[in-house]
Visitor: 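Structure below; questions to follow.
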There are 2 protein chains.
Amino acid sequence: MQDTIQSDLSKNLGRVKSNTMADSVEVKLRQYLKKMSFKPGDALPKETDLAEALGVSRNVVREALSRLRMLGMIETRKRKGMVLASPDILQAFERVLDPLIIDDTTLRDVFELRLVLEMGLADLLYKRMTDADIDELEDIANSEINKDKSFLVKNEIAFHGKLYEMTGNSTLKRFQIMLLPVFAYVITLVDKPTSGKIDHRGLVEILRNGTKEDFKKGMYDHLKPHFDRMK
Amino acid sequence: MQDTIQSDLSKNLGRVKSNTMADSVEVKLRQYLKKMSFKPGDALPKETDLAEALGVSRNVVREALSRLRMLGMIETRKRKGMVLASPDILQAFERVLDPLIIDDTTLRDVFELRLVLEMGLADLLYKRMTDADIDELEDIANSEINKDKSFLVKNEIAFHGKLYEMTGNSTLKRFQIMLLPVFAYVITLVDKPTSGKIDHRGLVEILRNGTKEDFKKGMYDHLKPHFDRMK
DNA sequence: CTTGTACTATATGTACTACAAATATACAAA
DNA sequence: TTTGTATATTTGTAGTACATATAGTACAAG
């Protein structure tokens with residue numbers, strides 16, 4: 001009992017964070033960029049000036065800038081200095097969304113997040129999809145007749161990927177691609193992939209002739225094995 | 001014409017990315033961490049050793065480590081060295097998801113992403129929500145009778161926030177919090193906030209007595225002004 | 001057997017200097 | 001007007017030095 005209290009301590013209390021200069025400078029710089037309301041492409045002060053203004057070594061400034069650069073917030077060019085850039089919001093995400101390094105709880109959360117997205121696609125889909133889209137989707141669905149398992153897995157990705165693409169929302173599409181490894185990983189953890197009552201061709205049929213509500217129902221049936229396994 | 005070709009060039013070709021040492025080292029380190037399959041809490045080599053092994057200066061190593069530290073992948077402690085940590089997948093996201101610095105297209109995409117999430121919540125909700133949850137939600141909804149606009153905005157956030165909370169998915173909940181500024185910003189951009197046919201109390205009523213399908217329909221009606229404004 | 005104190009070794013944090021590398025800018029040449 | 005060339009300037013990298021915090025240890029006290 002004493003042991004459990006002790007082992008829980010580190011988890012419950014966490015560790016005190018000792019902020020480094022680089023941390024502070026990073027925050028300062030971000031505030032500075034916002035306050036000055038720079039537009040993408042605008043030139044930024046050079047490293048030495050920043051270091052002097054902030055009263056820290058160029059080393060510290062570079063560590064902070066290195067972080068912003070990773071996030072795509074700034075770009076640096078020799079001689080020219082730094083310029084502001086429009087950060088790619090998913091770039092940072094990509095680096096940490098690895099099934100092997102995130103904890104189990106988050107992994108499960110992300111898995112569910114994917115299910116939520118999939119269930120919520122319908123409204124966007126029915127607003128934006130074209131007949132050509134459905135044709136293409138049908139081709140994908142039809143191509144999986146009498147194929148081996150590895151092909152099915154690839155096709156599963158292609159099918160759902162096409163669904164996201166049909167929403168016309170490229171951020172959403174990229175998000176889905178990033179979620180794929182998590183999905184694949186969780187699938188292998190629990191059991192062999194099972195498909196629900198409705199398969200891909202069923203979904204296509206609904207998209208072509210059914211209502212938005214039909215599709216939501218169909219998608220739920222398609223994903224039902226995952227929902228059943230939850231909690 | 002010559003001008004357009006020239007101006008298009010930079011857009012179509014993009015800029016050549018000159019990878020710095022810090023970039024390479026960051027990738028190397030990430031690969032290293034994965035390959036060695038460290039568990040959170042495991043000790044990592046010290047900076048000087050890494051620098052020597054990689055054949056770069058400690059400066060470069062520190063820039064790379066600074067990035068990983070920002071992402072929460074590692075933690076450093078004096079004297080002890082570095083240890084692996086479970087990265088907070090949303091921490092990085094938080095820093096770039098600022099309406100003021102991301103481009104308009106992405107902003108719209110993220111706005112839609114929020115709508116998709118909201119529409120997809122139903123299945124998780126109906127699986128996990130308790131009567132106590134609905135009671136609390138009802139309190140929030142009822143508290144907005146005869147209140148001024150600023151109160152309504154806060155309550156809007158509280159209500160939808162509670163919905164996310166009821167899914168029992170803390171990552172989802174945090175995600176929603178991060179999306180809030182984007183949502184608020186886009187709202188102010190287009191026009192004054194309008195609520196759909198169904199208000200919060202209507203949604204509560206459905207949760208208490210209606211089916212999952214009723215709720216999906218109700219949520220769509222609630223968000224309909226946003227959907228109508230799309231595209 | 002727990003708690004308090006002091007000490008020490010050591011890894012990170014910060015500063016500074018020096019130079020390499022790239023390239024925006026200006027200017028000359030065709 | 002375009003193309004080549006030189007130069008100045010800024011980032012990128014290396015290396016040294018020292019400050020700072022702290023894990024680990026030992027030992028005393030309760």
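A, B, ... follow the sequence lines: proteins, then strands. Residue 1 opens every chain. Just so we're clear, the structure is a prediction, and the values are computed from it rather than from any experiment. Just so it is clear, the values below take in all heavy atoms, side chains as well, and ignore hydrogens, waters and symmetry mates.
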Visitor: Out of C/dA15, D/dA23, D/dA14, which has the shortest distance to the side chain of B/K80?
Guide: D/dA23
Visitor: Once you round it to whole Å, what is the distance between P of C/dA20 and CE of B/M21?
Guide: 15 Å
Visitor: For C/dC16, does OP1 or OP2 lie under 4.0 Å from any side-chain N or O of A/R58?
Guide: no
Visitor: May I have the distance from A/L44 (atom CG) to D/dT9 (atom P), rounded to whole angstrom?
Guide: 20 Å
Visitor: Between A/T76 and D/dG12, is there a contact of a side-chain N or O with OP1 or OP2 at under 4.0 Å?
Guide: yes
Visitor: Of all the nucleotides listed (C/dA21, C/dT12, D/dA14), which has the minimum atom distance to the side chain of B/K46?
Guide: C/dT12
Visitor: Report the residue (A/R69 or A/N59) whose heavy-atom-nearest nucleotide on DNA chain D is the more 5′ of the two.
Guide: A/R69
Visitor: Report the nucleotide, chosen from D/dA23, C/dT23, D/dT13, that has the shortest atom-to-atom distance to any side-chain atom of B/T20.
Guide: D/dT13
Visitor: Distance check needed: D/dA14 C1' versus B/L54 CG, whole Å only.
Guide: 15 Å
Visitor: Ignoring backbone atoms, establish whether A/S57 has a side-chain N or O less than 4.0 Å from OP1 or OP2 of C/dA15.
Guide: yes
Visitor: Has B/N169 got a side-chain atom pairing as donor or acceptor with A/D109's backbone, closer than 3.5 angstrom?
Guide: yes
Visitor: Run the ring-ring contact (aromatic ring centres under 6.0 Å, His included) test on A/F227 and A/F111 for me, step by step, so that the C-alpha distance in whole Å, both residues' side-chain angles and the decisive distance to 0.1 Å come before the verdict.
Guide: CA-CA 11 Å; A/F227 278 109; A/F111 183 82; 9.1 Å; no
Visitor: Ring centres under 6.0 Å, that's the criterion: do A/Y164 and A/F175 meet it?
Guide: no
Visitor: Rounded to the nearest angstrom, tell me the gap between atom CZ in B/R62 and atom P in D/dG12.
Guide: 17 Å
Visitor: Which whole-number value in Å describes the distance from B/K78 NZ to D/dA21 C1'?
Guide: 4 Å
Visitor: Using whole Å, report how far CD of A/E63 lies from P of C/dA15.
Guide: 11 Å
Visitor: With a 6.0 Å cut-off (strictly less than), is the heavy-atom count around NZ of A/K28, excluding the residue itself, greater than 12?
Guide: no
Visitor: Closest-nucleotide mapping onto DNA chain C: is B/P45 or A/R79 further toward the 5' terminus? I mean the 5' end.
Guide: B/P45
Visitor: Taking the minimum atom-to-atom distance to the side chain of B/V60, which one of D/dT11, D/dT13, C/dT12 wins?
Guide: D/dT13
Visitor: Starting at CG of A/N19 and ending at P of D/dA21, how long is that distance when rounded to a whole Å?
Guide: 13 Å
Visitor: Quick check: A/F183 with A/H226 (ring centres under 6.0 Å apart)?
Guide: yes
Visitor: Expressed as a whole number of angstroms, how long is the span from A/E52:CD to C/dT17:P?
Guide: 12 Å
Visitor: Has A/T48 got a side-chain N or O lying under 4.0 Å from the OP1 or OP2 atom of D/dT10?
Guide: no
